[in-house]
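What follows is a short report on a single structure.
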Amino acid sequence: MTREITLSKAVNEAIAEEMRRDPSVFLIGEDVAEAGTPFKVLSGLVDEFGPERVIDTPISEPGFVGMAVGAAMTGTRPIVDLMFGDFLYLVMDQLCNQAAKQHYMSGGKLSVPMVLRTNLGATRRSAAQHSQSLHALVAHIPGLKVAMPSSAYEAKGLMKTAIRDDNPVVIFEDKLMYQDKAPVPEEEYLIPFGAANVLREGRDITLVATSSMVQVAAKAAEALSAEGISAEVIDPRTLVPFDEATVVESVRKTSRAIVIDEGHRNFGVTGEIASRISEKAFYHLDYPVQRLGAMDVPVPFSPALEDLTVPTPEAVAKAARRAVRGEVADAA
Amino acid sequence: MTREITLSKAVNEAIAEEMRRDPSVFLIGEDVAEAGTPFKVLSGLVDEFGPERVIDTPISEPGFVGMAVGAAMTGTRPIVDLMFGDFLYLVMDQLCNQAAKQHYMSGGKLSVPMVLRTNLGATRRSAAQHSQSLHALVAHIPGLKVAMPSSAYEAKGLMKTAIRDDNPVVIFEDKLMYQDKAPVPEEEYLIPFGAANVLREGRDITLVATSSMVQVAAKAAEALSAEGISAEVIDPRTLVPFDEATVVESVRKTSRAIVIDEGHRNFGVTGEIASRISEKAFYHLDYPVQRLGAMDVPVPFSPALEDLTVPTPEAVAKAARRAVRGEVADAA
Amino acid sequence: MAAQAAKKTGGSRSGKEGGAAKAAKANTEDYLRMYRQMVKIRAFEDQANQLYLSAKMPGLTHMYSGQEAVAVGICEALTDEDRITSTHRGHGHCVAKGAEFRQMFCELLGREEGYCRGKGGSMHIADQAHGNLGANAIVGGSMGIATGAALSAKLQGSDFVTVCFFGDGATAQGLWYEVMNMAALWKLPVIYACENNGYSEYTRTDEIAAGSLTARAEAFGIEAHRVDGQEVLAVNELAQRLVERARHGEGPFFVELDTYRYHGHHVGDINRDYYRSKDEEAEWKERRDPIVNFGKWLEAEGILSADDLVAIGDEIRAEAEAAVAYALNASYPEAGEVDMHVFAGVDHALPYIDGYAKGAGA
Amino acid sequence: MAAQAAKKTGGSRSGKEGGAAKAAKANTEDYLRMYRQMVKIRAFEDQANQLYLSAKMPGLTHMYSGQEAVAVGICEALTDEDRITSTHRGHGHCVAKGAEFRQMFCELLGREEGYCRGKGGSMHIADQAHGNLGANAIVGGSMGIATGAALSAKLQGSDFVTVCFFGDGATAQGLWYEVMNMAALWKLPVIYACENNGYSEYTRTDEIAAGSLTARAEAFGIEAHRVDGQEVLAVNELAQRLVERARHGEGPFFVELDTYRYHGHHVGDINRDYYRSKDEEAEWKERRDPIVNFGKWLEAEGILSADDLVAIGDEIRAEAEAAVAYALNASYPEAGEVDMHVFAGVDHALPYIDGYAKGAGA
Ligand SMILES: Cc1ncc(C[n+]2csc(CCOP(=O)(O)OP(=O)(O)O)c2C)c(N)n1
Ligand SMILES: Cc1ncc(C[n+]2csc(CCOP(=O)(O)OP(=O)(O)O)c2C)c(N)n1
Ligand SMILES: [Mg+2]
Ligand SMILES: [Mg+2]
């Protein structure tokens, strides 16, 4: 049985199911209990699991992330709620120096089965410190796995996999998508890490898109199909591990690719994916791999400016058209 | 007049000259005064400028970086010493949420003329938390400039430019290179940001290398030249801004490129540079752009393992040979 | 009135100060300005909330209503040279430090004439000309900035003082302890002003804060005070003393100000019974409103009549409405501005970062 | 001897405790083990320093010599189920918590038989089996881990206690205040043990620390104690009491232990006159050495003879030498191990991150 539920509900279900299954799983973060987070994603969990397993913290991000690391090292499985992805900067030491490296530094003796769930996405008029998409930072650090759900279905399946993983996993949810509904089975399912999803098959160009950008790419593909351009849309679902084979395979077939991600473009996720494609599908490429990321400026507050900074279906379609037509592209 | 001085001395001179020139410049960090830092880079400065301008702090990285931001916003020009690049994680909020965005968020009214100097580089047997090269993280954040000196000459010229810049600049020095000498003019000079240095001209392949990897690339080029392969070596000197034109120009000429950087390879600096090359020199490339970065593992302590994790001249030469010979490269 | 509400805390030294209840500012003009400033803040927030409710406001914003005596009592003790750092709940600090309605509303609505050309918005509003170093969307995020400004004053031999405003919830950020230590070591002219409104977002702060806030400051050797934040004269009297002392090298100081926010955590936080009661809200609004109470006192002292009070309210409300009307018609920044002001000295960031445009010093 | 050196600090409550100077552990075996453990730490460090001086040690390392009574006094009050977190100066904690010389030296020399297969080295040595959650190269970096372990104990209904070791310098990290707050709120079974050796690297800590350390903990409502860290029985007596109380839900606690490091900040810090005097070093070594003094007391009490003391020293030194010889000949990990243990459940990380190998749960 499949019903339509919101991404928010999907996350809530995933966590509830895993907390029922495994008593060592607990939630910790700011306003996660009665308030259920500002986005209400966790509403109701405290009623079922009590304040011992749904723990409201002071506004001490480094502190409670550090504590989650220690808890994870000693028999429990914390899910940490980091209210905004922008606060990652505050917890980088605990996440990247402590959590990510424990297993390796101890030669495999200690492990840190924790999930850090946070979010990304601009255009909520929340300005520069509440609109960032910072997944590139953590994807760069060995020892962390990074998941990027693009719909309610992915949000649930990836969250459950994350909670069962014995490593630190960072999950980025798209704030703008919490109320978006998608079909989600009632039966239990997990989505393995490192398995990209081909949302739509196509012949002419491959659109590789992450998280918030998957719907953008899908819309662009829809528009393009009306013009006779057949775009394949791939959602890698996880950045670490990254399903290189599926992406490369696709581009070898289509000969063209655009990578779309909501993080800043410069030194971000698109560079990695594009360069993997350019290297591994080199002899098949008819056109330089194109990249669309958030504009390389702090996110502006003004709606008039903010909307200019994120990739849109139109921008993707335009880039795709140019690529398929083979318009000369590498003039500096 | 040019004499040979160490990179350490070059940094020291740059800072001393700028502190003499501009009384608003001051130094702040742990053990910067009498101790002159653990690497002794700042030795003697406190004698000339006194403890008011060479300020020893408690072990409070977020605190003193935050204070530098506030000091920079109100009329002074701090140079912050961050003892190890690995501690960047601790100061990311102050650097990326506060310093980087002030000018933009205030519509140009506030500015943050500060320099954060820190280091990178493995193989000192310092293990996972004292050996990271984390420049990719800050290069991703709009509002920060990022300089990567590759010798004493660059270290001095880039530092002086950084101190005079009205923006937050992060400079990464290579710990392993502090005692390396290079010719440095006695006369004052500055090195502009965004101007790559072509260390060595070549016809067959372009080696783009940053910081610690510039010498590695140069050594590889030397070895290759003995085999009749002519490699061009380019040091971008700054990641932000990045001198795309010089790099692309070179690759359009040589038709092949390898990007070498000591940060982790995955989602790091090499992806950005390689994808810029692949895009902008697309029609000129004879071979997929290759990337060499630090291995995607936490830096191991054991010498037997650590040395395997960083790019070597041999690895670069090997990749170059394959590229020049055109060995089929894109098998997954 | 309640100047004696200010007390210095800590060990045996604690006790009432300034018990003589003498008015903090000796002349009528000062009272009037404080009253007007508080009314201005309230009027600003009422309009801002209206803008939200009528869906004309981009995003969310955090109302300062109820806390006016804190911002005004403190900022009236400061000069334009003195600096403040502000918070996500920052409109009050901004007005109190001298900002104009028009540019503030323009900023809240993302217009080019805003203090930050619409780029900052409510959570980053700054007013450099009056020494407001800006609101901050990171809880506690400005504690370093404020302390650094104070260091800068010391290094330059300037005598400006910096006040760091933050909430009770922000005391959970480790940064505060790091900078207090340095401020204490180096005797920096900074005053940490903690507006204790009892809540950290949707949680009572006493459920997430152990021990005592004043003791935390005192542990670093910092003189700590606690004052009724609803009494503008008490706040102002204490602020004047501490600012003066900080200016003469006797800082840093910590002040905890007991206060209350009338609205939800932000304008959208309407159904909040689950974390605080309507009775509690009513109690504060009806008995401890800083504007009403100060108005009554002014009347009792014969400084203003009831009619005067009404007239001031009307006048300022009209001003606020006019500013809103202006801002709603003001223009947005041009698209071309989107990559400007990323770097000082660089016109457009996008070509610059690709190395195709040179910037100052680079 | 000086069990009375332990005192509880804070306000009027301060004063000598356990004034009756009754021995902390009632039987000889315990004394002997404590003595031997201290000698073991010293012997380990002497060998490690020797390895550095003879250029056989990869990198640098931080000597624990001088601080032995702290690690031993505390760890002797713990079981194998109890956890500790350690620091960059961590060999002492590791030995005291039960680790073996061989695996420790192998780790310091990067050999496969080391506790961490040579991947961690001196600054990350961990010994999971004895509850040592690991050294840490980030000053203060393990404060979160220790507090989280205590939370975990509480959530699981386990009764293990966690001791968080850190230096005086580490008290400048904001993290400490964040986790103390939570530990106090939730009454977690964690003991913060601050080894105050007077120095933060090359700087006297009193030049960079304002106020009082015990007051900082007390401000969060945490009971704080200060004890002479050179007196193993005093430390142990206090530790036993606090561990017991923490186990029964009366934690958290803070303990400041006055101690001294005999060597430089690390083995390479040889010329250190510019930050501390030879006289000061001599004073501590000659008059306050924890091993010598405890040895004298054992002799005075008739528990051991002078010859016994020498014999113990010789025996342990021989053990250490043998372990070093063993480690020097032990093998390095194979090259193929370099990308193992990055992820639990994944054999080799490199193919895994590229999506070419599946790992457990993924
Ligand atoms: C570092 C950080 N954590 C969490 C938040 C989300 N947040 C915004 S305001 C707030 C509560 C702040 O409480 P307090 O400091 O008392 O200020 P008040 O809102 O009461 O004025 C929280 C948790 C944030 N903006 N920054
Ligand atoms: C976050 C961080 N900052 C700085 C350092 C460099 N460092 C290593 S040990 C040390 C001094 C620590 O002093 P203390 O905590 O008193 O420990 P001790 O060395 O005296 O045992 C410093 C500054 C570090 N490793 N981590
Ligand atoms: Mg509050
Ligand atoms: Mg110390």
Side-chain angles (χ1 to χ4, degrees), chain A residues 23-24 26 28 52-53 55 57-58 60-76 78 93-94 97-98 101-113 142-143 145 161-162 164-167 190 192-196 236 238 240-247 276, chain D residues 83 85 107 112 114-121 124 126-129 133-134 136-138 141-156 158 160 162 174-175 177-179 181-182 185-186 333 340-346 349 352-362:
Chain A
S24 70
F26 71 98
I28 187 165
E52 301 254 297
R53 290 180 70 195
I55 304 174
T57 64
S60 304
E61 289 82 3
F64 64 75
V65 171
M67 289 174 62
V69 178
M73 287 165 68
T74 53
T76 49
D93 179 65
Q94 293 301 319
N97 269 334
Q98 308 300 339
K101 298 177 175 38
Q102 284 298 343
H103 193 66
Y104 194 80
M105 294 191 306
S106 67
K109 288 200 188 132
L110 295 165
S111 55
V112 184
K145 299 188 182 183
T161 303
R164 295 187 194 184
D165 200 294
D166 284 336
N167 298 283
L190 282 86
F193 287 178
T238 53
V240 184
F242 181 76
D243 182 355
E244 184 179 277
T246 301
V247 170
R276 280 174 184 263
Chain D
R83 309 296 208 282
T85 60
E107 192 57 40
E112 191 191 329
Y115 274 110
C116 311
R117 306 189 66 79
K119 285 180 164 168
H124 303 289
D127 175 14
Q128 167 79 337
L133 296 177
N136 209 306
I138 302 299
S142 70
M143 291 162 166
I145 294 172
T147 314
L151 174 65
S152 190
K154 187 168 178 179
L155 293 176
Q156 293 174 96
S158 310
F160 70 83
T162 303
L175 181 63
Y177 306 89
E178 298 194 358
V179 298
N181 185 33
M182 287 183 269
L185 284 168
W186 304 331
M340 295 179 73
H341 309 121
V342 178
F343 296 105
V346 171
Y352 176 77
I353 63 172
D354 295 344
Y356 296 113
K358 304 296 166 205

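To find a chain, count down the sequence lines: A is the first, B the second, and so on, and within it residues start at 1.
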With a 4.5 angstrom heavy-atom cut-off, is it the side chain or the backbone of [X] that approaches chain D, or both, or neither?
| X | answer |
| --- | --- |
| A/Arg276 | side chain |
| A/Thr57 | both |
| A/Phe26 | side chain |

Which atom of [X] lies closest to which atom of [Y], heavy atoms considered:
| X | Y | answer |
| --- | --- | --- |
| D/Asn181 | A/Pro58 | ND2-CG, 3.5 Å |
| A/Thr74 | D/Gln156 | O-NE2, 2.9 Å |
| D/Val342 | A/Gly143 | CG1-N, 3.7 Å |
| D/Ala126 | A/Leu110 | CB-CD1, 4.0 Å |
| A/Gly107 | D/Lys119 | CA-CD, 4.4 Å |
| A/Gly108 | D/His341 | CA-CD2, 3.7 Å |

Say you draw a straight line from [atom1] of [X] to [atom2] of [Y]; how long is it, rounded to the nearest 0.5 Å?
| X | Y | atom1 | atom2 | answer |
| --- | --- | --- | --- | --- |
| D/Leu155 | A/Glu52 | CG | CD | 7.0 Å |
| D/Ile138 | A/Asn97 | CD1 | CG | 4.0 Å |
| D/Gln128 | A/Ser106 | CD | OG | 7.5 Å |
| A/Met105 | D/Asn136 | CE | CG | 6.5 Å |
| A/Gln102 | D/Ile145 | CD | CD1 | 4.5 Å |

What part of [X] lies closer than 4.5 angstrom to a heavy atom of chain A: side chain, backbone, both or neither?
| X | value |
| --- | --- |
| D/Leu133 | both |
| D/Asp127 | neither |
| D/Phe160 | side chain |

Those residues at least two apart in sequence (or on a different chain) that pass side chain to side chain donor-acceptor pair (under 3.5 Å) with A/His103 are none

Do you know which of A/Ile55, A/Thr246, A/Ile28, A/Val112 has the most heavy-atom pairs with chain D at a distance under 4.5 angstrom?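 Counting heavy-atom pairs under 4.5 Å, the top option is A/Ile55.
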
Quick check for you: among A/Ser111, A/Ala196, A/Gly75, which has the greatest number of heavy-atom pairs under 4.5 Å with chain D? A/Gly75

Is there a donor-acceptor contact under 3.5 Å from the side chain of A/Asp243 to the main chain of D/Gly355?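 Here the side-chain-to-backbone pair does not exist.
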
If you define the side chain from C-beta out and look only at heavy atoms, does anything of D/Tyr352 sit under 4.5 Å from A/Lys145? yes

